[in-house]
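This report refers to the structure that appears directly beneath it.
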Amino acid sequence: MAETTTTDAAGRSGAEAASAPQGAPGERTSTRRSYLMCRPEHFTVSYRINPWMHPAAPTDTALAVRQWQSLYDTFVGLGHDVHLIDPAPGLPDMVYAANGGFTLDGVAYGARFAHEQRAAEGPAYMRWFAEHGFRVAQPEYVNEGEGDFMLVGDTILAGRGFRSTSGSHAEASALFGREVLSLTLVDPRFYHLDTALAVLDPLTGDADANVAYLPHAFDEASRRLLAERYPNAVIVSDTDAAVLGLNSISDGRNVVISSRARGFEAQLAERGYNPIGVDLSELLLGGGGVKCCTLELRR
Ligand code: ARG
């Protein structure tokens with residue numbers, strides 16, 4: 001079940017905010033979330049499994065940790081509940097917690113990575129889920145968790161083309177008993193669904209659900225599907241997507257995004273969201289941003 005506690009702009013929380021009018025008509029409402037993150041203590045770029053990664057270029061682990069900390073502090077400041085998993089030496093990409101699994105209704109669908117460099121992260125995250133009260137479903141098919149599975153209303157959007165496979169879409173559909181909409185990614189820069197699409201209102205009914213995306217990251221059929229389903233979607237520019245601007249986290253009102261995605265920031269503000277920019281330049285060297293560093297826990 002999704003958590004129902006809410007916080008509003010004034011920082012009121014729980015029943016008070018839920019029952020009180022939310023200010024101006026049409027003002028958006030945030031919902032308190034529970035996240036899992038992994039401090040990038042072992043972050044570096046030592047292999048190349050996406051076009052963003054250049055192992056020969058230097059990385060600054062201390063800076064990565066400071067930038068990550070600012071993201072953590074932002075979530076805590078918004079009233080969200082943030083859990084931590086211990087980073088493991090030798091797994092430099094473990095900071096991208098979104099890939100650790102996909103959780104819904106207290107069930108954690110484990111990840112099975114496409115590349116062997118990240119394979120050991122799957123069991124590490126599954127262990128954490130089991131120790132924290134989730135029923136863990138061992139994956140049979142290759143899938144990279146919330147990187148490619150995103151909940152919008154009652155529908156699960158699922159990416160394929162680079163990492164997660166069609167088999168995993170069927171596996172998730174059977175496991176969660178929800179409609180899974182398969183979307184095919186075609187641009188190697190946007191190799192996970194969460195680099196090409198952002199969920200802005202995840203907890204509302206499908207009718208009001210909204211997303212933001214970069215159309216040319218998807219094949220023709222997927223573009224048609226998205227246009228039909230989400231006629232009010234925010235269409236983001238390539239410039240903003242190319243700084244992983246879409247790789248963002250919304251609580252229904254506050255949208256934490258890359259501070260470099262200035263156009264997306266303006267589009268969100270126009271629609272009544274509260275964009276909050278965070279600089280994760282160091283983690284961008286591994287091909288990840290705000291959303292990659294964040295796994296949502298849904299009980
Ligand atoms: N270096 C990582 C990889 O290529 C980055 C993962 C980014 N995560 C995400 N959810 N998009 O696997």
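What's counted below: heavy atoms across the whole structure, side chains too, no hydrogens, waters or symmetry copies. Order of appearance sets the numbers: ligands from 1, and atoms from 1 within every ligand.
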Quiz item: Is the side chain of Glu282 donor-acceptor paired with the backbone N or O of Thr61 at a distance under 3.5 Å, no angle test?
Solution: no
In ligand 1, the atoms that come under 4.0 Å of a heavy atom of Asn99 are 6 (C), 7 (C), 8 (N), 9 (C), 10 (N)
Q: Hey, can you tell me if Phe75 and Tyr35 have their rings parallel, tilted or perpendicular (30° and 60° cut-offs)?
A: tilted
Note: Arg118, heavy atoms under 4.0 Å from ligand 1, region reported as side chain
Within the 4.0 Å heavy-atom cut-off, what Ala98 brings close to ligand 1 is side chain
side-chain hydrogen bond (donor to acceptor under 3.5 Å, both in side chains) with Arg118: of Glu116, His115, Glu121, only one passes, and it is Glu121
Quick note on ligand 1: atoms under 4.0 Å from a heavy atom of Gly287 include exactly 7 (C)
When distances are taken from atom 4 (O) of ligand 1, the protein heavy atom at minimum range is Asn50 ND2, 2.7 Å
If we number the atoms of ligand 1 from 1 as shown, the ones under 4.0 Å from a heavy atom of Gly147 are 10 (N)
Worksheet item: Are side-chain N/O atoms of Ser222 and Asp219 paired as donor and acceptor at under 3.5 Å?
Response: yes
Query raised in the report: For Asp194, is at least one N or O under 3.5 Å away from an N or O on ligand 1?
Result: yes
Note: ligand 1 atoms sitting under 4.0 Å from heavy atoms of Arg163 are 3 (C), 4 (O), 12 (O)
Residue, atom and distance of the protein heavy atom nearest atom 2 (C) of ligand 1 read Asp93 OD2, 3.3 Å
Within the 4.0 Å heavy-atom cut-off, what Tyr191 brings close to ligand 1 is side chain
Discussion item. Is it the case that over 12 heavy atoms from other parts of the model lie below 6.0 angstrom from the CZ atom of Arg135?
Written reply: no
Any chance the side chains of His80 and Arg32 put a donor and an acceptor closer than 3.5 Å? no
Worksheet item: Do Arg160 and Ser166 meet the criterion of a side-chain donor-acceptor pair at a distance under 3.5 Å?
Response: yes
The protein heavy atom nearest to atom 1 (N) of ligand 1 is Gly286 O, 2.7 Å
Task: Donor-acceptor side-chain pairing of Arg112 and Gln138 below 3.5 angstrom - done: no
In ligand 1, the atoms that come under 4.0 Å of a heavy atom of Cys292 are 7 (C), 8 (N), 9 (C), 10 (N), 11 (N)
Can you find an N/O atom of Glu144 closer than 3.5 Å to an N/O atom of ligand 1?
-> no
Taking only non-hydrogen atoms of Met53 and a 4.0 Å limit, the atoms of ligand 1 in range are 1 (N)
- Item | Validation row: Leu268, Ile257 side chains within 4.5 angstrom (heavy atoms) | yes
